[in-house]
Protein chains: 2
Amino acid sequence: MKTDFRELKSELRQRIVGGTWKLGALLPNEVDLAAEFNCARATVNRAMRELAEEGLLERKRKAGTRVRQVPRRHVRMPVPLIRNEIEGAGSRYRYALLEDTIAPAPDWLRARLSLHDEAEVRHVRAMHYADGVPYQYEDRWFNLLGLPTARTPSFAESGAAEWFVSEVPFSDVEMSLSAQIADADMSGLLGTEVGAALFRIERAVWAGEVPVNFTRLLYRQGYNLSMRY
Amino acid sequence: MKTDFRELKSELRQRIVGGTWKLGALLPNEVDLAAEFNCARATVNRAMRELAEEGLLERKRKAGTRVRQVPRRHVRMPVPLIRNEIEGAGSRYRYALLEDTIAPAPDWLRARLSLHDEAEVRHVRAMHYADGVPYQYEDRWFNLLGLPTARTPSFAESGAAEWFVSEVPFSDVEMSLSAQIADADMSGLLGTEVGAALFRIERAVWAGEVPVNFTRLLYRQGYNLSMRY
DNA sequence: CAGTGGTCTAGACCACCCA
DNA sequence: GGGTGGTCTAGACCACTGC
């Protein structure tokens, strides 16, 4: 007769989407719900906490728990690490470094990451292949002021991404997905026609308050990023 | 002196990324960790459970808790509801229905959603504008066998998405992001040049085991989907 | 100030699943 | 079979914040 936190969650969800509790409505407090469902308060707490994480509820001390006015829906999107993505699909992975230079940060990058005027960056360009076919183009900048350790490692044999995720503790990431036309350079590298629609991922990474990395990834036409939830 | 579940989580994370526990390594069990950190097992449980949700750990009964071989990194991506997205940006939202028909499901859709041969679908095409400028093209199919209630509502004045999210309890969603070239039709609707790179979102939705909806969204060139984590 | 959620505790029982 | 995580409980104290 006791209620499981999963049952409770799904019952509460029903009352929310079913309209028993309208948008913005105040729910009973944890003690009352525990009594109604004949379970411990901790159980109610977990159910409501997870519904809040899902974006259906809004919880405040003293103010109580309310149904969110605009249900904040979201998805868990996988962040692919290119080597795993390719080998996981059963293909052979190959990496090729195109360029690796250290220079002052270009204006657009300084603006994008709020870098100082004298900021120096390491610029790495590389290609990733699946079974010999171009798969992803990588354009990456490291802020050497914020991340001095990025000056030395060699990216000749393995990608900068692998070094980065394994070595650098980062906190804030800003990610942006969009579409882009392939110009002559990119079509050459990715083996597509000029004018093909490329899938683009841009990512800016901070460690604490310090910008450390900006990356632009371009995928061959036809690539798609999938997820379930 | 007692350890908070947040502290514990961050200490465990340190040991994982710092290499104290290597990839695939077996962690101490909950009882031992509770003793080491001088806290209750429930506290250890919560810390480890959340790290597992984050994708850093892998937990199995009897087998214990291990560091994931391939850290399953992921992002929370917002699922935009078009009206909110546009009005939230301070623009005026306008909706226009292009087509609304009921017909047998086309072959590709039957294959995509594993529909029966006789499946009937309601096909809705619409445009969404921000300040009068084309913003999103929507192509949506409802499976009328799986979702009979989708037969009657009018989508003349407001979008099918709004009806769908507010009325239909769904469980499984498969989402796919990619890029696509604008053909003559799409460039006309979205007000872009032929050959522009459009950002595409495709979404298939099930309620339980029953497929109920398939949607394709195309965004004008330049659109980008952003998130932080 | 007082009510609410946030968290911890110590103990218990269970479900799973590897050996 | 036995060890592990999964969950629930009843109670407690605290932190926040609206009134």
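The structure displayed is predicted, hence computed values, not measured ones. Note: hydrogens, waters and symmetry copies are ignored here, and every other heavy atom, side chains too, is used. Throughout, a chain's letter reflects where its sequence line sits, starting with A, and its residues are numbered from 1.
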At 4.0 Å (heavy atoms only), tell me whether B:R41 reaches a base, stays on the sugar-phosphate, or touches nothing.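 The answer is base, as B:R41 lies within the cut-off (heavy atoms under 4.0 Å) of a base atom.
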Do we see a donor-acceptor contact under 3.5 Å between the side chains of [X] and [Y]?
X      : Y      : value
A:Y219 : A:Q136 : yes
A:R140 : A:T215 : yes
B:Y129 : B:D131 : no

Which residues pass the ring pair (Phe, Tyr, Trp, His ring centres under 6.0 Å) test with B:H123, sequence neighbours left out?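 Scan of B:H123 (ring pair (Phe, Tyr, Trp, His ring centres under 6.0 Å), adjacent residues dropped) gives B:W141.
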Any side-chain N or O of [X] below 4.0 angstrom from OP1/OP2 of [N]?
X     : N     : answer
B:T65 : D:dG5 : yes
B:N45 : D:dG5 : no
A:T43 : D:dT7 : no

Integer-rounded Å distance: [N] [atom2] and [X] [atom1]:
X     : N      : atom1 : atom2 : answer
A:L57 : C:dG6  : CG    : P     : 11 Å
B:E58 : C:dC18 : CD    : P     : 12 Å
B:E30 : C:dT9  : CD    : C1'   : 15 Å
B:L33 : D:dT4  : CG    : P     : 12 Å
B:R59 : C:dC18 : CZ    : P     : 16 Å
A:R49 : C:dG5  : CZ    : C1'   : 11 Å
A:R66 : C:dG5  : CZ    : P     : 11 Å
B:F5  : C:dC8  : CZ    : C1'   : 11 Å

Using heavy-atom distances to pick each residue's nearest nucleotide on DNA chain C, tell me which of A:L27 and B:A42 is more 5'.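 First, find each residue's nearest nucleotide; the 5'-ward one identifies A:L27.
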If you assign B:A63 and A:R6 each to the DNA chain D nucleotide with the nearest heavy atom, which residue ends up on the more 5' nucleotide?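 Between the two, 5'-proximity favours B:A63.
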Hey, what's the ring geometry for B:H128 with B:Y95, parallel, tilted or perpendicular (30° and 60° as the breaks)?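 Plane angle between 30° and 60°, so tilted.
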Only counting residues at least two apart or in another chain, list the ones meeting salt bridge (Lys or Arg N to Asp or Glu O under 4.0 Å) with A:R151.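 For A:R151, the residues satisfying salt bridge (Lys or Arg N to Asp or Glu O under 4.0 Å) (neighbours in sequence not counted) are A:E120.
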Considering only side-chain heavy atoms of A:K60, which listed nucleotide, D:dA10, D:dT4, D:dG18, is closest?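 Between D:dA10, D:dT4, D:dG18, the one nearest the side chain of A:K60 would be D:dG18.
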Which pairs, protein N/O on one side and nucleotides 14-16 of chain D N/O on the other, fall under 3.5 Å?
unit_1 : atom_1 : unit_2 : atom_2 : d
D:dA15 : O4'    : A:R61  : NH1    : 3.4
D:dC16 : O4'    : A:R61  : NH1    : 3.2

Nearest heavy-atom pair of B:L8 and B:C39: which atoms, and what distance?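 Taking every non-hydrogen atom into account, CD2-SG, 4.4 Å.
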